[in-house]
**Student:** 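Have a look at this one.
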Number of protein chains: 2
Amino acid sequence: MQPTDTASGGRPRRSDATRAAILEAARERFASDGYERATIRAIARDAGIDPSMVMRYYGNKEGLFAAASEFDLRLPDLAAVPREEAGAVLVGHFLERWEEDEALNALLRVGVTNPAGAERMRAVFQEQVAPAVAAVCPDPERAGARAALVVSQILGMAVSRYVLRFPPAAGMPRAEAVAWLAPTVQRYLTAESP
Amino acid sequence: MQPTDTASGGRPRRSDATRAAILEAARERFASDGYERATIRAIARDAGIDPSMVMRYYGNKEGLFAAASEFDLRLPDLAAVPREEAGAVLVGHFLERWEEDEALNALLRVGVTNPAGAERMRAVFQEQVAPAVAAVCPDPERAGARAALVVSQILGMAVSRYVLRFPPAAGMPRAEAVAWLAPTVQRYLTAESP
DNA sequence: AGAGGAGGCCAACGGGCGTTGGCCTAGACT
DNA sequence: AGTCTAGGCCAACGCCCGTTGGCCTCCTCT
């Protein structure tokens, strides 16, 4: 039996470079093409290896996607920043993260088309975003709704800017986007009522 | 040569019912599956006809999508409503529209995955949303940016609610969503600066 | 009543896909 | 130095896709 999991603790394998190359190529393809059009054959070609290697290391296409879309938003601890800056910090962090990590775009593209992708996005929302938001919102029982509102604004900007590329959104300097979105997110985080 | 265009002025053809059935099935499939996974074979099966009929009437898959995603947002004339209610009216209209017309979901799903879909969304943005926004915004030269901001919030809520189905967003009563989003959109429409 | 064309189905093609299994090779361990 | 196994490639299978061309049938117009 071949070990296929991602070496937690084991000593380095000779194939680690190949595994990494596959993962990198997969992230790029999933990000730019979405799940269905990103073919294993193309990913293997990008990584310079045979398609069957992908199967050997990641089982099947779904397993490859699961591995490629595993990532950490690295959300800041909002309780540690001045309360009135939480919105700006959060928006700035998200946009920066989106521009540096194409896995985010991959997840977004796949989440919209593929049930498994959507499920993973829901998991990220629940495990990473909701807790981060709960740390600053005044009413814990409404933290979920607040997190959803925050995500709706940030996700919408990401879609407009990085996926659909509406000219005014894609061309807007990041600082300007942050300046417009920050008060919105701030309100969703902390306002007593709409 | 067969006429394939959509009967502008010509008298009704015997095949109009079939054409309509194809279009309806296509909208449903594109909306729920996205471009790649919505197969012509499945659409034809839904419509109760042979796949080759789809080709005859719409040329190819891309032509079918173009026909299926042709639609009108029917945006209200924002100049006709009290200035301070423009945000609420716009948000309410969009969410209502989204729930009644699956073509919107189809366009969104396809736009995220498929270049042609993205191009069509940009066209809808430019031809329908931007002018509607320009009617109320104070500075015509920044109307494009304002429209992009408005769309980012509305699109984000649509994605969260109808596509990814984040529980707090999907379960939120429409009135509550409108109440939270309206001030945001109002600000994007009319505020002098962030 | 006859002709012609529109509406429809069937069968097939070529291609790309995910996936499998067998075989070779070279590095690591004893 | 010899063995063994992990790493890699090649070829193929079966499936489903978009698309095509031929053929039949029934409505409609003269």
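First the proteins, then the strands, lettered A, B, ... as listed; each starts at 1.
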**Student:** On the side chain of B:Thr39, is there an atom forming a donor-acceptor pair with the base of D:dC16 - under 3.5 Å, no angle test?
**Tutor:** no
**Student:** Is any NZ, NE, NH1 or NH2 atom of the basic residue among B:Asp139 and B:Arg146 found under 4.0 Å from an Asp or Glu carboxylate oxygen of the other?
**Tutor:** yes
**Student:** Among C:dC9, C:dA6, C:dT19, which is the nearest nucleotide to the side chain of B:Arg56?
**Tutor:** C:dC9
**Student:** Which pair of heavy atoms, one from B:Arg27 and one from B:Ala68, lies closest together, and at what distance?
**Tutor:** NE-O, 2.8 Å
**Student:** Just how far, in rounded Å, is P of D:dG18 from CD1 of B:Ile43?
**Tutor:** 8 Å
**Student:** May I ask you to say whether A:Glu102 pairs ionically with A:Arg97, meaning some side-chain N is under 4.0 Å from a carboxylate O?
**Tutor:** no
**Student:** What nucleotide among C:dG18, C:dG7, D:dT20 has an atom nearest to a side-chain atom of A:Lys61?
**Tutor:** C:dG18
**Student:** Could you state the CD-C1' distance from B:Glu36 to C:dG18, rounded to the nearest angstrom?
**Tutor:** 16 Å
**Student:** Rounded to whole angstroms, how far apart are CZ on A:Phe30 and C1' on C:dG18?
**Tutor:** 12 Å
**Student:** Would you indicate which nucleotide in D:dC17, C:dG8, C:dC10 comes nearest to any side-chain atom of B:Arg41?
**Tutor:** D:dC17
**Student:** Within this structure, what is the CE-to-P distance between A:Met55 and D:dC9, rounded to whole angstrom?
**Tutor:** 15 Å
**Student:** Please report the shortest heavy-atom distance between A:Ile43 and A:Ala25, naming the atom on each side.
**Tutor:** O-CB, 3.6 Å
**Student:** What is the separation between atom CZ on B:Arg37 and atom P on D:dG18, rounded to the nearest whole Å?
**Tutor:** 13 Å
**Student:** Distance under 6.0 Å and angle within 45° of the ring axis: does B:Arg19 meet both against B:Tyr57?
**Tutor:** yes
**Student:** Please determine, for the side chain of B:Ile49, which listed nucleotide (C:dT20, D:dG7, C:dC9) has the closest atom?
**Tutor:** C:dC9
**Student:** If you check every side-chain atom of A:Ser15, which of C:dT20, D:dG8, C:dT19 has the closest atom?
**Tutor:** D:dG8
**Student:** Would you mind classifying the nucleic acid contact of B:Ser52 as base, sugar-phosphate or nothing, using non-hydrogen atoms under 4.0 angstrom?
**Tutor:** base
**Student:** Rounded to the nearest Å, what distance is computed from the CG atom of residue B:Leu64 to the P atom of nucleotide D:dT19?
**Tutor:** 10 Å
**Student:** Would you mind reading off the distance between A:Ile40 atom CD1 and C:dC17 atom P, rounded to a whole angstrom?
**Tutor:** 10 Å
**Student:** Which one, D:dC27, D:dT20, C:dA12, comes nearest to the side chain of B:Arg14?
**Tutor:** D:dC27
**Student:** Nearest whole Å is fine: how far is D:dA6 P from A:Arg19 CZ?
**Tutor:** 11 Å
**Student:** Output the single nucleotide from C:dT20, C:dC9, C:dG7 whose closest atom is nearest the side chain of B:Asp50.
**Tutor:** C:dC9
